[in-house]
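One structure is given below, encoded as C-alpha cells.
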Protein chains: 2
Amino acid sequence: MARRKQGLSDRHKKILEVLEDYQVNVGYPPSIREIGKEADISSTSVVNYYLDQLEKEGYIERDRKVSRGMRLLRDVTGRLIESVEEAVDNMLLIPLAGRIGAGIVIQPPESGFDIFPPDEGVEVARSMLSEKDASANLYALEVEGDSMIDAMVDDGDIVIMKHTQEARNGEMVAIRLEGSDETTLKYFYRENGHVRLQPANPTMEPIIIKDPSSVHVQGKVVMVIRQMGASPI
Amino acid sequence: MARRKQGLSDRHKKILEVLEDYQVNVGYPPSIREIGKEADISSTSVVNYYLDQLEKEGYIERDRKVSRGMRLLRDVTGRLIESVEEAVDNMLLIPLAGRIGAGIVIQPPESGFDIFPPDEGVEVARSMLSEKDASANLYALEVEGDSMIDAMVDDGDIVIMKHTQEARNGEMVAIRLEGSDETTLKYFYRENGHVRLQPANPTMEPIIIKDPSSVHVQGKVVMVIRQMGASPI
DNA sequence: ATTTTACATGAACATTCGTTCTATGTCAAC
DNA sequence: GTTGACATAGAACGAATGTTCATGTAAAAT
C-alpha cells in the first residue's frame with residue numbers, strides 16, 4: 001500500500017501516539033506487546049521493526065535488552081519533546097519574603113532556605129528575566145502603602161528583588177538611610193562623592209545624600225508586577 | 001537500626017532519588033533489580049518491600065505484574081511531582097500585540113489566531129492571574145512614552161490586557177475618547193449619567209466625561225509588568 | 001522472658017518482554 | 001516472469017523482571 005520515501009506512515013504515527021499517550025497518562029513507556037495491542041499490530045516483531053525505524057529517524061531512543069526501554073524524543077509533528085525538568089526549569093518560584101513600606105525593615109532571606117509554603121511565592125517565567133537575574137538569589141516583596149508612589153510603585157505591587165549589597169548607577173534599589181527604619185525604592189546614582197536618589201517620577205526632585213556610607217543598599221529591583229482587579233478610590 | 005514511626009528511612013529516600021533520577025535522566029522507571037543496584041540492596045524482595053511502603057505512603061503508584069510499572073507521585077521532600085502537561089499548562093504565552101501610547105490606536109487581536117512568533121510573547125504563570133482572567137483572551141501591549149505616568153504605568157512597561165467592550169467600576173481599562181486617536185489607561189467609573197476617569201496617582205484630578213457613549217473601552221488591564229535594568233535620567 | 005513488629009536476605013518461580021528466525025504477501029523495477 | 005525491497009505474521013527462545021516464600025535478626029512491646 002503505502003510506499004513513501006519520506007514522512008511517517010500511519011503505523012509510525014500511531015506508534016508515536018501510543019508512546020506519547022503512555023508517557024503522559026501511564027507514566028512509563030509501553031512494552032512492545034502493549035504497543036501492538038494499541039496499534040492493532042498482532043506481531044511483536046513488526047512493532048520491533050517499526051521501533052527500529054523510528055529510532056533511525058530520530059524520533060525515539062531505544063535501550064536494547066531493557067523492557068520498555070525507550071524514550072520519546074520528538075512529537076508526531078516532529079517537534080522536540082520537552083522533558084519535565086525543562087518545563088519546570090522555565091518557571092521560577094520566588095519566595096514572598098515579606099512586605100516593604102513605611103517603617104518596615106525588610107529582611108532578605110539568608111542562606112540555605114529551601115522550603116517555604118508553595119502559596120507564599122510568585123511564579124515568574126525565566127524568559128521574563130535576564131539570564132543573570134534568573135539564576136540569582138531572588139525574593140519578592142509586597143509593597144505596602146503609597147510611600148513608593150514616586151517610584152511608580154503602587155500599594156499592593158509585588159517587587160522582585162535581587163539580593164545585593166552594592167548598586168550601580170541607574171538601578172532601582174531598596175535602600176535604608178542610616179538612622180532610619182524606613183526602606184524605600186529609588187533610582188541610585190553615585191556621583192562625585194555623594195549619592196543621588198532619584199524618584200522615578202521625573203516631576204519630583206532628587207534627594208542628595210552627602211555621606212555615601214549612610215546609604216544601605218538592601219537589594220536591587222529586577223521586576224515589578226502589578227495584579228489588577230477592581231481597585232481604589 | 002533505624003526505627004521510626006513517621007518519616008522516611010534513608011532507604012526510602014534513596015529509592016525515591018533513584019526513581020527521580022531515572023525519570024529525569026533515563027526516561028523510564030527502573031526495574032526492581034536496577035533500584036537494588038543503585039541503592040545497594042542485594043535482594044529484590046527488599047526493594048519490593050520498600051516500594052510497597054512507598055506506595056502505601058502515597059509517594060508512588062505501582063502497576064502489579066508490569067515491569068517498571070511505577071510512577072513517582074511525590075518528591076523526596078513530599079512535594080507533588082509535576083507532569084509535563086501540568087507544567088506547560090501552568091504557563092501562558094501571551095502574544096505581544098503591539099504598543100500603546102500617545103497617538104497610537106491599538107488593535108487587539110481578533111478571533112482564531114493561534115500562531116505567532118514564540119519570541120513575540122510574554123510568559124506569565126497561570127497562578128499569577130485569576131482563574132477567569134487566565135482562561136480569557138489575553139494580549140500584551142508594550143507601553144510607549146510617559147503619557148500613562150499618571151496611571152502609574154511607565155515607558156517600557158508591559159500591560160496584560162483582557163479583551164472586553166465594557167468596563168466595571170474600579171477597573172483599569174484602555175479607553176479611547178470619541179474624536180481622539182489616543183488610547184490611554186485609566187480607572188473607570190460610571191456614576192449618575194457620566195463617566196469618571198480616575199488617574200491612578202491620587203494627587204491628580206479625575207476627568208469627567210459627560211457623554212458616556214463617547215468613551216470606547218478597548219480592554220481591561222489585568223496585570224502590569226515592569227522589567228528593570230539600568231535606566232533613566 | 002516471650003511475643004510482636006520492623007527490617008533484611010537469598011532462592012525459587014512464574015511471567016513478561018525483547019529478540020530472532022522463518023514464512024508469506026505486496027508491489028515496483030528489470 | 002523474476003527479482004528484490006518492503007511489509008506483515010507467528011512462533012519459539014532466552015533474558016529480564018515482578019512475586020512469593022522460608023528464614024533470620026534485632027529492637028520494641030508485653
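Order of the sequence lines fixes the chain letters, A, B, ..., with proteins taken first and strands second; residue numbering starts at 1 for each chain.
- The side chain of Tyr49(A) lies closest to dA7(D), out of dA9(D), dT9(C), dA7(D).
- Between Val222(B) and Val159(B) there is no side-chain heavy-atom pair separated by less than 4.5 Å.
- The base of dG10(C) sits with one of its N or O atoms less than 3.5 Å from a complementary donor or acceptor on the side chain of Ser43(B).
- When rounded to the nearest whole Å, the span between CD1 of Ile41(B) and P of dT17(D) equals 17 Å.
- Pro29(B) approaches Met70(B) most closely through the heavy-atom pair CG-O, 3.3 Å.
- Asn169(A) and Tyr187(A) form no side-chain donor-acceptor contact under 3.5 Å, judged by distance and modelled atom types alone.
- Rounded to the nearest 0.5 Å, atoms CE (Met128(B)) and CD1 (Ile225(A)) are 4.0 Å apart.
- Here dG10(C) is the nucleotide among dG10(C), dA9(D), dG18(D) with the atom lying nearest to any side-chain atom of Ser45(B).
- Residues of residues 51-63 of chain A that place a heavy atom closer than 4.0 Å to DNA chain D, in numerical order, are Gln53(A).
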Distances for protein N/O vs nucleotides 13-16 of chain C N/O pairs under 3.5 angstrom?
none

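- Atom pair Ile35(A):CD1 and dA9(D):P shows a separation of 15 Å (rounding to whole Å applied).
- Atoms CE and CG, on Met152(B) and Asp154(A) in that order, are 4.0 Å from each other to the nearest 0.5 Å.
- Counting heavy atoms from C-beta outward, Ile60(B) and Glu55(B) have side chains that approach closer than 4.5 Å.
- Between Asn48(B) and Thr44(B), every side-chain heavy-atom pair lies at or beyond the 4.5 Å cut-off.
- Asp75(A) and Tyr59(A) share no side-chain donor-acceptor pair at under 3.5 Å.
- Thr44(B) contributes no side-chain N or O that forms a donor-acceptor pair with the base of dT17(D) under 3.5 Å.
- Per the geometry, CD1 belonging to Ile15(A) stands 12 Å off P belonging to dA7(D), to the nearest Å.
- In this structure, the CD atom of Glu34(B) is 14 Å from the C1' atom of dC17(C), given to the nearest Å.
- Remark: the Asp133(B) side chain and the Ser130(B) side chain contain an N/O donor-acceptor pair separated by less than 3.5 Å.
- Between dG18(C) and Asn48(A), no contact under 4.0 Å exists linking OP1 or OP2 to a side-chain N or O.
- Atom CD1 in Ile32(B) sits about 12 Å away from atom C1' in dT20(D), given to the nearest Å.
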